[in-house]
**Student:** 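Pasting a structure below so you can have a look.
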Amino acid sequence: MRDHRSLSSSVLITKRCIAFRHHYHTSQPDKSTKKPKTNEPTTTTHKVTRKPWEEIPFLTDLKQTEDTEEALSLFHHYQQTGFRHDYPSYSSLIYKLAKSRNFEAVDQILRIVRYRNVRCRESLFMGLIQHYGKTRSVDKAVDVFNRMTSFDCVRTIQSLNTLINVLVDCNELEKARSFFDGAKDMRLRLNSVSFNILIKGFLDKCDWEGACKVFDEMLETEVQPSVVTYNSLIGFLCRNDDLGKAKSLFEDMIQKRIRPNAVTFALLMRGLCCKGEYNEAKKLMFDMEYRGCKPGLVNYGVLMSDLGKRGKIDEAKVLLGEMKKRRIKPDVVIYNILVNHLCSEGRAPEAYRTLTEMQMKGCKPNAATYRMMLDGFCRIGDFDSGLNVLNAMLASRHSPTSATFVCLVSGLIKGGNLDHACFVLEVLGKKKLSFGSGPWRNLLCDLCIKDTGACCEALSEVIST
DNA sequence: CTAGGGTTAG
């Protein structure tokens with residue numbers, strides 16, 4: 001019972017935020033809104049630490065809108081009331097639009113930006129290139145890169161690296177290479193990051209030789225390899241069970257006075273774990289400290305996930321205690337390791353306690369945490385708890401996969417909890433999510449056994465949309 | 001901007 005409170009209170013908080021936004025919204029965006037009355041509890045409690053840009057009313061409002069259409073109309077509304085937008089306005093809006101994949105609107109705003117001769121920062125375009133990368137729109141990403149100088153923006157090696165990275169991630173290694181080679185013509189100087197990205201590209205294709213060639217090229221052009229360079233290579237070798245070569249690279253970097261960091265050791269530790277040498281890995285963790293490198297979250301993560309994989313979750317929990325003793329604050333990933341393995345072993349209630357614990361420690365669960373937790377409850381057939389997690393999840397603006405939706409609805413129907421099944425279906429409909437006809441048929445079968453009208457209506461409603 | 005413990009999607 002106690003566990004449920006923290007989740008439902010977060011629902012309440014969100015509701016308050018919405019109410020607050022509504023209030024703020026309807027008032028006129030002139031100077032009077034900038035300084036709200038002091039007896040308004042919302043504004044005084046919400047903005048204890050106020051960032052400078054939050055003084056700008058448009059940005060304050062924009063920050064609280066989730067819908068892109070709403071964001072756009074807000075933008076135009078401010079403009080009509082005589083508010084003069086400047087770079088912070090444009091860039092925040094563009095970020096928001098790009099994040100929700102509304103690229104037509106992005107272009108539209110960019111046209112205004114160019115028309116008004118607003119000087120743009122490089123980071124804006126880097127963000128855009130990355131967003132196009134996520135949608136695998138390679139050509140659009142290249143296009144942004146080519147056009148950015150026309151926005152009175154200085155292009156540095158950072159944007160080129162961003163583009164090369166997007167190309168590599170989109171499996172366009174040849175294109176990446178040609179931009180890499182074109183750096184000189186753009187009067188940009190390749191740095192270690194550029195090389196590291198290319199090396200990653202070859203390693204992703206399991207082309208060790210290719211990666212080594214780039215590495216040699218790096219040395220020839222006198223670009224110093226960094227820890228990251230070595231970590232990429234060592235990581236690959238450890239993943240592919242070549243610990244011997246990894247160790248010699250490790251020696252190589254020390255000889256070159258490039259200091260290994262916590263990640264380097266984590267990679268080697270993982271290599272050891274993969275070979276079943278957990279104890280050696282743990283020894284290495286103590287050894288690293290001796291070598292002047294403090295163990296961090298990554299290192300504990302390696303050990304904990306290895307224990308988890310082998311079903312020794314309780315030992316992993318012991319490590320959690322060890323971390324706390326050493327004043328290393330566990331983060332989401334560490335908690336997720338526990339939640340993940342607890343759930344897959346059918347220990348969902350325990351995982352749930354872990355989830356509430358992390359919340360109490362001020363560590364916010366993320367999409368993965370909620371997904372694992374919800375799936376975990378579905379797995380053991382505790383659909384009411386699952387529903388509870390779903391609510392918390394929605395309150396923090398995350399969403400389950402449609403497979404999970406199916407599982408949850410089906411379970412609720414079978415348990416005779418038709419009201420809640422309807423609720424979940426409505427959520428599904430609102431999210432405009434859907435799934436194939438197979439799952440629908442199964443749901444209908446479940447329903448037919450129970451046979452009720454209300455849920456049938458909900459079903460057909462979702463089907464029709 | 002690059003490496004990394006978990007996971008993760010239309």
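Note on naming: letters A, B, ... go to the chains in the order of the sequence lines (proteins, then strands), and numbering restarts at 1 for each one.
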**Student:** Report the nucleotide, chosen from dT2(B), dT8(B), dG5(B), that has the shortest atom-to-atom distance to any side-chain atom of I337(A).
**Tutor:** dG5(B)

**Student:** Could you state the CE-C1' distance from M393(A) to dA9(B), rounded to the nearest angstrom?
**Tutor:** 11 Å

**Student:** Which pairs of donor and acceptor atoms, one on a side chain in residues 121-131 of chain A, lie under 3.5 Å apart (sequence neighbours left out)?
**Tutor:**
residue	atom	partner	partner atom	Å
E122(A)	OE1	T156(A)	OG1	3.0
E122(A)	OE2	T156(A)	N	2.8
E122(A)	OE2	T156(A)	OG1	2.8
E122(A)	OE2	S159(A)	N	3.3
E122(A)	OE2	S159(A)	OG	2.1

**Student:** For R136(A), which contact category applies under a 4.0 Å heavy-atom criterion: base, sugar-phosphate, or nothing?
**Tutor:** nothing

**Student:** Figure out the CZ/P separation between F103(A) and dG10(B), and round it to whole Å.
**Tutor:** 17 Å

**Student:** With the threshold set at under 4.0 Å for non-hydrogen atoms, list the residues of residues 266-280 of chain A touching DNA chain B in residue-number order.
**Tutor:** L267(A), R270(A)

**Student:** If we only count heavy atoms from C-beta on, is the D241(A) to C274(A) side-chain gap below 4.5 Å?
**Tutor:** no

**Student:** Mind calculating the distance between CD1 (I258(A)) and C1' (dA3(B)) to the nearest angstrom?
**Tutor:** 13 Å

**Student:** dA3(B), dC1(B), dG6(B): which one has an atom nearest the side-chain heavy atoms of V193(A)?
**Tutor:** dC1(B)

**Student:** If you compare all heavy atoms of I258(A) against all heavy atoms of S226(A), which two are closest, and at what distance to 0.1 Å?
**Tutor:** CG2-C, 4.0 Å

**Student:** Between dG5(B), dC1(B), dT8(B), spot the one nearest the side chain of V302(A), thanks.
**Tutor:** dG5(B)

**Student:** Given atom CE of M358(A) and atom P of dG5(B), what is their separation to the nearest angstrom?
**Tutor:** 18 Å

**Student:** Examine dG6(B): is either OP1 or OP2 under 4.0 Å from a nitrogen or oxygen in the side chain of S305(A)? Give yes or no.
**Tutor:** yes

**Student:** Under the 6.0 Å and 45° cation-pi test, does R310(A) pair with Y278(A)?
**Tutor:** yes

**Student:** Rounding to a whole Å, what distance do you find between D204(A):CG and dG4(B):P?
**Tutor:** 9 Å

**Student:** Say whether, by atom type as modelled, one donor and one acceptor occur between the side chain of R155(A) and the main chain of F145(A) under 3.5 angstrom.
**Tutor:** yes

**Student:** Over how many whole Å does the gap from M218(A) atom CE to dA3(B) atom P extend?
**Tutor:** 13 Å

**Student:** Given atom CD1 of I197(A) and atom P of dC1(B), what is their separation to the nearest angstrom?
**Tutor:** 10 Å

**Student:** If you check every side-chain atom of R239(A), which of dG6(B), dT8(B), dG4(B) has the closest atom?
**Tutor:** dG4(B)

**Student:** Write down the distance between CG (L190(A)) and P (dC1(B)), rounded to a whole number of angstrom.
**Tutor:** 18 Å

**Student:** Check the pair N161(A) / N196(A) against side-chain hydrogen bond (donor to acceptor under 3.5 Å, both in side chains), numbers first and verdict last.
**Tutor:** CA-CA 10 Å; N161(A) 285 343; N196(A) 292 344; over 6 Å; no

**Student:** Select from I334(A) and N196(A) the residue whose nearest nucleotide in DNA chain B is closer to the 5' end of that strand.
**Tutor:** N196(A)

**Student:** Classify N299(A) by what it touches in the nucleic acid, base, sugar-phosphate, or nothing, heavy-atom distance under 4.0 Å.
**Tutor:** nothing

**Student:** Let me spell it out: for each of L297(A) and N191(A), pick the nucleotide of DNA chain B with the closest heavy atom. Which residue's pick is nearer the 5' end?
**Tutor:** N191(A)

**Student:** Nearest to the side chain of N231(A), heavy atoms from C-beta on, is which of dA3(B), dG4(B), dC1(B)?
**Tutor:** dA3(B)

**Student:** Give a yes/no on whether any side-chain N or O of N161(A) is located under 4.0 angstrom from OP1 or OP2 of dT2(B).
**Tutor:** no

**Student:** Give me the atom names and distance for the closest heavy-atom approach of K294(A) to A262(A).
**Tutor:** O-CB, 4.1 Å

**Student:** Can you say whether a donor on the side chain of D331(A) sits under 3.5 Å from an acceptor on the base of dG5(B), or the other way round?
**Tutor:** yes

**Student:** Looking at side-chain heavy atoms only, is the closest gap between L394(A) and K430(A) below 4.5 Å?
**Tutor:** no

